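Comments concern the structure below.
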Amino acid sequence: MAEEKDFITIGEAAEILGVSIDTLRRWDKSGRLSPTKTSEAGYRLYYKPQIELFLNDLFGLAKDWVLKGTELPSKFYCSNSAVFQTRLTHMQDVLITMPQLRSIFSLLVAVAGEIGNNSFDHNLGIWPDIAGIFFAYDINKRNIVLADRGVGVLATLKRIKPELNNDEEALRVAFTEILSGRSPESRGNGLKFVRKIVSENPISLLFQTGNAELELAKDSDVLNIKTLPEPFRGCLALISF
């Protein structure tokens, strides 16, 4: 049974989440995150484990942001590539201390770095609305999540491959062909590099863009691509290890 010490004020909840009190009030009004109860004095009180659970649903938070543009806890938002690189280095410092990940920690950093850098490189100067990316990781659950509200893979690749018809075709090309959406550059081996790392190591990748979803796993030469019921602009990636 929950004790009084398990409940925190709206100010304390806002500090843990890295958002403003006004944001929490908006989340309450929209039903995204509501207080557990109200004190006798009329103050909103949150159950602390509820806040921690909300923070731990990284993929859910990222997807909600991509689909709806909802506000993010500041700890998960990288406004530019410099912020992303700093947090990527911090993740590397955490992973390197884990003996069980010694053989793949650098590969995890490389995969996350490639996906995150793609978001900044391919949307430079053309962000549709919110610039920057979602980047977070949970070592206990062994996953890393990245997302952006950019133009998406199809729009990016159509700049240099205008014959592409849909998101599924674009994903297949992105992970199999050497090309670049950063015209007039001729390089572009990033996601093919990601595919190679995943196929050779105990890592899996779920990558979504537009209305297409791709799954990659170790020892799989087949690109498993399917259509999503709810399309969105931008990209969303879940790296599991």
Side-chain angles (χ1 to χ4, degrees), residues 59 62 66 78 81 84-85 88-89 91-92 95 101 103-127 133-135 137 142-228 231-241:
F59 191 75
V66 168
C78 300
S81 58
F84 172 59
Q85 290 301 324
L88 188 67
T89 299
M91 183 182 78
Q92 175 180 272
L95 295 177
L101 299 178
S103 64
I104 63 168
F105 83 87
S106 62
L107 300 176
L108 291 170
V109 174
V111 169
E114 184 61 43
I115 293 173
N117 286 326
N118 269 354
S119 293
F120 288 108
D121 292 342
H122 294 156
N123 291 287
L124 184 63
I126 57 171
W127 291 99
I133 70 170
F134 177 104
F135 172 52
Y137 51 92
R142 296 201 168 202
N143 58 46
I144 304 166
V145 181
L146 300 104
D148 70 63
R149 287 179 56 84
V151 298
V153 174
L154 177 59
T156 296
L157 294 186
K158 278 182 76 72
R159 301 173 199 162
I160 54 170
K161 205 174 179 68
E163 65 271 23
L164 289 172
N165 294 309
N166 54 55
D167 294 302
E168 292 185 32
E169 286 183 12
L171 263 187
R172 191 172 302 278
V173 166
F175 280 86
T176 59
E177 296 186 22
I178 299 178
L179 43 76
S180 177
R182 290 168 282 189
S183 182
E185 298 179 29
S186 60
R187 65 189 177 91
N189 197 28
L191 292 180
K192 188 176 179 183
F193 164 73
V194 166
R195 181 188 178 194
K196 185 176 188 299
I197 288 179
V198 172
S199 67
E200 296 175 354
N201 294 278
I203 302 170
S204 65
L205 173 68
L206 179 72
F207 193 98
Q208 300 177 345
T209 182
N211 69 342
E213 176 185 274
L214 175 146
E215 289 185 76
L216 292 176
K218 185 183 179 184
D219 298 328
S220 177
D221 293 326
V222 179
L223 288 182
N224 182 13
I225 301 177
K226 64 181 182 181
T227 302
L228 295 170
F232 62 89
R233 188 188 66 234
C235 299
L236 176 60
L238 171 64
I239 304 164
S240 301
F241 54 94

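Just so we're clear, the structure is a prediction, and the values are computed from it rather than from any experiment.
- Atoms CG and OG, from N117 and S81 in turn, are 7.0 Å apart once rounded to the nearest 0.5 Å.
- Annotation: the span from L164 atom CG to L157 atom CG amounts to 6.0 Å, rounded to 0.5 Å.
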Practice prompt. Applying side-chain contact (heavy atoms from CB on, under 4.5 Å), run through R233 and R149 and close with a yes or a no.
Written response: CA-CA 6 Å; R233 188 188 66 234; R149 287 179 56 84; 3.5 Å; yes

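- To the nearest 0.5 Å, the span separating CZ on R159 from CD1 on I126 amounts to 3.5 Å.
- Contact between T209 and C235 at its shortest, heavy atoms only, is OG1-SG, 3.8 Å.
- Under the rule for a salt bridge (charged side-chain N to carboxylate O under 4.0 Å, His left out), K218 has no partner lying at least two apart in sequence or in another chain.
- Applying the ring-ring contact (aromatic ring centres under 6.0 Å, His included) rule to F84 yields the partners F135; only residues at least two apart in sequence or on another chain are considered.
- Remark: D148 CG to N118 CG distance equals 9.5 Å, nearest 0.5 Å.
- For R195, there are no salt bridge (charged side-chain N to carboxylate O under 4.0 Å, His left out) partners at least two apart in sequence or on another chain.
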Worksheet entry | Criterion side-chain contact (heavy atoms from CB on, under 4.5 Å) on Y137 and I239, from CA distance to verdict | CA-CA 9 Å; Y137 51 92; I239 304 164; over 6 Å; no

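- Residue L205 comes nearest to A237 through the heavy atom pair CD1-CB, 4.2 Å, listed as atom of the first residue, atom of the second, then distance.
- For the side chain to side chain donor-acceptor pair (under 3.5 Å) test, no residue two or more places apart in sequence or in another chain qualifies with K158.
- The ring-ring contact (aromatic ring centres under 6.0 Å, His included) contacts involving residues 194-222 comprise F175-F207, where partners must be two or more places apart or lie in separate chains.
- Remark: Q92 pairs with no residue by the side chain to side chain donor-acceptor pair (under 3.5 Å) rule, at least two apart or across chains.
- The ring-ring contact (aromatic ring centres under 6.0 Å, His included) check on F120 picks up nothing, with sequence neighbours excluded.
- Taken from CD1 in I104 to CD1 in I197, the straight-line distance is 10.5 Å, to the nearest 0.5 Å.
- Contact between S119 and I133 at its shortest, heavy atoms only, is CB-CG2, 3.5 Å.
- Take T227 and apply the side chain to side chain donor-acceptor pair (under 3.5 Å) test, not counting sequence neighbours, and it matches E168.
- The nearest pair of heavy atoms linking L88 to A112 is CD1-CB, 4.0 Å.
- A212 and L228 get closest at one heavy-atom pair: O-CD1, 3.6 Å.
- Residues in residues 149-173 take part in no ring-ring contact (aromatic ring centres under 6.0 Å, His included) pair, two or more places apart or across chains.
- Of the candidates D167, I225, L214, I225 is the only one forming a side chain to side chain contact (heavy atoms under 4.5 Å, CB included) with R172.
- Applying the side-chain contact (heavy atoms from CB on, under 4.5 Å) rule to V66 yields the partners A147, F232; only residues at least two apart in sequence or on another chain are considered.
- Partners of L124 according to the side-chain contact (heavy atoms from CB on, under 4.5 Å) rule, which considers only residues two or more places apart in sequence or in another chain, do not exist here.
- Partners of E213 according to the salt bridge (charged side-chain N to carboxylate O under 4.0 Å, His left out) rule, which considers only residues two or more places apart in sequence or in another chain, are K226.
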